[in-house]
Amino acid sequence: MYELTTLPKPSSALGGELKDSSVDGKKGSGSAAIFVARNRFAVLNKTTQLIEVRDTSNSVVKTIKPPVQTNEIFYGGTACLILSSTSTVVLYDIQQQKTLAEINSPPVKYVMWNADNSLVALMSKHTITIANRNFSQHSLIHETIRIKSGAWDDAGVFLYSTLNHVKYCLSQGDHGVISTLDNPVYLTRVKGKTIHCLDRSARPRTITFDPTEYRFKLALLRNNYEEMLYIIKTSTLLGQSIIAYLQQKGFPEIALHFVQDTTTRFELAIECGNLDVAVETAESIDRPDCWERLAQQALKQGNHKIVEKAYQKTKNFDKLSFLYLSTGSADKLLKMQKIADARGNPMSRFHNALYAGDVLSRISVLRDVGMYPLAYLTAKSHGLEELAEEILEAAGLSSADVDDVPSFGQSSRKPPPVINPTSDLIWPSLSTGEGFFDRALASGSLENGIEPSYVNGDASAAAGSMAALDDWARDEETHEEIDPEEGGWDLDAGGEFTASHDNEVEDEAEEQEELGAGATPGISEAEHWVRNSPLAADHVAAGSFETAMRLLYRQLGVVNFEPLKPLFLSIYRSSHVYLSPVASLPPLQLHIRRNPSESSPGRVLPVAARTLQSVRSEFAEGARDVAGNRLSDAQATFRSVLRALLVVVLTSDDEAKQWRDLVTLAREYLLGVSIELERRRVAQEDPDNIRRNLELAAYFTHCQLQPVHLQIALRSAITVFGKANNPAHAARFAQRLLDLRPDARIAATARQRVAAGERNPRNTVEITYDEFTPFEICAASYTPIFKGSPSVQCPYTNAAFLPQYKGLLDPLTELTEIGATASGLPAPW
């Protein structure tokens, strides 16, 4: 009988006991009993491997066989338990008796839940796994020395102690050191800036620490900009490590406000697209590579004045001439001709004359370099007869010498006329707006003039931050214009020029700016698609490939997107139609919806370009290739099926189940075909390696294929083992073939193989194959992974791999990272 004693709270810091403590000289073994309901608790019987659910009178109500070899049990929520085995941690529902989630982890010794049971820390000897309540998202922290204890603070940050440090870790995996210890301690509670703990003599102690670093990172994670600004202004936290952290996490615009080094400011300004700071720092650095990078960024934003200045600084005359051609700056093109003449560069002179439509200058360049035939043809084709005769005389020729030259007539090869002269309206650029940090640092105070309330991440601070972000989104700013000519050329006399703009052009630009000042574009249809759907397929249809790739990485662990490019483009094109109502205008882009009757912008979605039915048709084609022994084609088809299933739109739980079944079936066919192709390669390139040939033939028969194709695998194995004089193995494959009820002719041959195996139950070649022990096939090495052995999985197909392949690209799909953390597809709505 078990004696019911006072049990520790499930979320207590030490799980109810002191590990590695010298209080009684013994090591604990975790909580013996776990409450799973108000009047029920569970006890693990390690000897019989049974979980006994008892009532308050200590009577057994139910016994449950755990799904894995269990070493410890821990609280997992109401009616749930966390089961710790040698290599995994399982979240198990004892009412439904099913596994809810599973995480690969070393044996867990302690489990700590935070205050609201939204996060849990699974502590092993050298690792800590931070997961949410249903294990759908988790992160792993590894320590080289032993982890002693841990506790949650009120903000959802987990603090833990090692032999000589107290450290923190955030829910997404960031971690660092808080303080150094002289002697080990065991944390019991964290409140504000105080850690309550016990030393090795079980005496209570308190440690005061500075939570600024993880407060800053937590505020950044939660977009609490007001608290971030307060921390930066009132602490000495800011340094190169925090600057690098901000840049690494995708917040260069925030780091830019707190960096003094000119080179670092330039890098951050280019990364976040702040052209004002980029120009300022580029002038201070004044290196050609900086001006080139600034020109590229300014081109992306459409600021041609900064591009012009950068080209002037780097003396990139060819690009500068083309820029003037693009912006219609005819007067500057004429000045570029003079500069090219001063430089003595005939090719540049010719290009500028060509851009400006100056025929006489082109002829002059050709004559200067001695190309009289081309000069003559140019003059002749533009109707300059007198000049053409003059060129003939200079070349020492007469009209009779060129009488066979055809007459081209009047040429119309001229640059297009300039509709609008150079102005800021040629390339409209989007204003970046004044940000929260811009306003706060300019005024020298916080948004509301007071310190943000903070109690380890109080919700009131987060609410203030969201209000500040709303203000940030509403404000806009007009950037100062930069003089493109200031200090740009540094040329000799004759090559200098200054910008000149007509007053009429400036007045026209101001008038157009006033007319367009109140125009605010609405949200596009594609943007609605992105906002309304968590599915990667809908983001691809909207053209938001970047967010689609992020979703595929987070949901299914996809890291290699190059093979998906044709699929993405096909889906995008299928979701739009282009209509040309007037030949002289660009075509209209029409968006195709799958719910055209929907009128609410918050519910519109794009058409489903790929459906389960279309992918099933493609799978059937691959199955026909298997039956026809076209295995290379079948391998390509099944790989294409798995890629297409990534962008299938699911609208119901039934479709989600069918999707998962089709993924599993395509994986098994792709694995089986790959194994058979590898066997044929081994048989051809290394015919002496009979053992490997036989093993691959045997593994092919263990892929979960449809009966008609499994018969093909079994018949192939019977033939291979028969040729190798392994009648015992061949007989077992023949018996499996008979169990599938093949036609009479195949069945008769299989019975002969069974009879031969019974007469001679021996094998000539010994192989590593045990059909009686359950195993999975490693999809990379094509070797067995027997039940209970450590393994990792593909987050998309759930294909099994040996642990050494973790972090590598899945060879089956060529898309996903083996062993990556993934949340899975969202539930259909």
Side-chain angles (χ1 to χ4, degrees), residues 1-12 14-21 24-113 120-125 127 129 131 133-135 770-776 784-791 793 800 803:
M1 292 292 291
Y2 287 87
E3 181 180 357
L4 184 63
T5 58
T6 302
L7 298 175
K9 183 181 178 181
S11 59
S12 64
L14 297 181
E17 61 183 359
L18 194 63
K19 276 276 189 177
D20 196 21
S21 173
D24 55 3
K26 298 179 181 179
K27 292 189 177 183
S29 59
S31 301
I34 302 296
F35 274 102
V36 293
R38 179 179 58 82
N39 55 355
R40 296 286 187 273
F41 63 93
V43 178
L44 172 65
N45 189 327
K46 295 184 180 180
T47 304
T48 61
Q49 277 297 297
L50 291 176
I51 298 175
E52 300 174 351
V53 180
R54 297 170 175 259
D55 56 18
T56 52
S57 61
N58 208 19
S59 302
V60 176
V61 177
K62 182 194 296 185
T63 58
I64 303 169
K65 180 68 175 176
V68 293
Q69 181 74 21
T70 305
N71 301 327
E72 304 285 350
I73 60 173
F74 303 95
Y75 177 75
T78 304
C80 291
L81 291 174
I82 295 176
L83 312 181
S84 172
S85 68
T86 56
S87 60
T88 60
V89 178
V90 175
L91 181 62
Y92 188 71
D93 189 323
I94 61 174
Q95 285 187 343
Q96 303 180 44
Q97 296 191 19
K98 73 173 185 177
T99 300
L100 301 180
E102 185 174 355
I103 299 177
N104 291 329
S105 170
V108 171
K109 297 180 177 293
Y110 304 119
V111 169
M112 276 74 70
W113 291 85
V120 62
L122 311 175
M123 295 181 59
S124 303
K125 186 175 181 180
T127 62
T129 303
R133 70 178 67 196
N134 56 8
F135 286 11
D770 184 4
E771 64 176 309
F772 301 107
T773 301
F775 67 86
E776 295 179 293
I785 305 175
F786 292 100
K787 187 175 182 180
S789 301
S791 64
Q793 289 183 319

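The structure presented is a predicted model; accordingly, all values stated were derived computationally and were not measured. Position 1 is the first residue of the sequence; numbering continues from there.
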Given V120 and F74, is the side chain to side chain contact (heavy atoms under 4.5 Å, CB included) satisfied, shown in steps?
CA-CA 11 Å; V120 62; F74 303 95; over 6 Å; no
Run the side chain to side chain contact (heavy atoms under 4.5 Å, CB included) check on D55 and N39 step by step: do they pass?
CA-CA 6 Å; D55 56 18; N39 55 355; 5.9 Å; no
Verdict with reasoning, V61 to F41, per side chain to side chain contact (heavy atoms under 4.5 Å, CB included)
CA-CA 10 Å; V61 177; F41 63 93; over 6 Å; no
Quick one, R54 with V43, criterion side chain to side chain contact (heavy atoms under 4.5 Å, CB included). Give me CA distance, side-chain angles, the key distance, then yes/no.
CA-CA 8 Å; R54 297 170 175 259; V43 178; 4.1 Å; yes
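S85 is linked by a side-chain hydrogen bond (donor to acceptor under 3.5 Å, both in side chains) to T88, counting only residues two or more places apart in sequence or in another chain. By the side-chain contact (heavy atoms from CB on, under 4.5 Å) test, P784 is found to be paired with Y699, F775, F786, residues two or more places apart in sequence or in another chain being considered. In terms of the ring pair (Phe, Tyr, Trp, His ring centres under 6.0 Å) criterion, F135 has no residue partners (sequence neighbours excluded). T127 is linked by a side-chain contact (heavy atoms from CB on, under 4.5 Å) to P106, S124, L140, H142, counting only residues two or more places apart in sequence or in another chain. Contacts of T78 classified as side-chain contact (heavy atoms from CB on, under 4.5 Å), with partners at least two apart in sequence or in another chain: Y75. Considering only residues two or more places apart in sequence or on other chains, E771 meets the side-chain hydrogen bond (donor to acceptor under 3.5 Å, both in side chains) condition with R732. For T773, the side-chain hydrogen bond (donor to acceptor under 3.5 Å, both in side chains) partners are D770, not counting sequence neighbours. Residues passing the side-chain contact (heavy atoms from CB on, under 4.5 Å) test with L50, sequence neighbours excluded: T48, K65.
In summary, K787 and E776 do not engage in a salt bridge, as defined by a charged side-chain N under 4.0 Å from a carboxylate O.
The shortest non-hydrogen separation linking K98 to Q96 is CE-OE1, 3.2 Å. Annotation for T70 and I73: closest pair CG2-CG2, 3.9 Å, computed over non-hydrogen atoms. Of all non-hydrogen atoms in S791 and N104, the two that sit nearest each other are O-ND2, 3.7 Å. The minimum heavy-atom distance between K46 and N71, with the atom names listed, is CE-O, 2.9 Å. Residues V90 and E102 come closest through the heavy atom pair CG2-CG, 3.9 Å. Minimum interatomic distance between N134 and A101 (heavy atoms only, all atoms of both residues): O-CB, 3.5 Å.
Between Q69 and T86 the shortest side-chain heavy-atom distance does not fall below 4.5 Å. Proximity of E72 to V108: side-chain heavy atoms (C-beta onward) are nowhere separated by under 4.5 Å.
Each of I94, I34, L100, V36 was compared with C80 under the side-chain contact (heavy atoms from CB on, under 4.5 Å) criterion, and only L100 meets it. The one candidate from I51, L44, V89 that meets the side-chain contact (heavy atoms from CB on, under 4.5 Å) condition with L83 is I51.
Atom NZ of K62 is surrounded by more than 12 heavy atoms from other residues, nucleotides or ligands within 6.0 Å.
Taken from CD1 in I64 to CD in Q97, the straight-line distance is 5.0 Å, to the nearest 0.5 Å.
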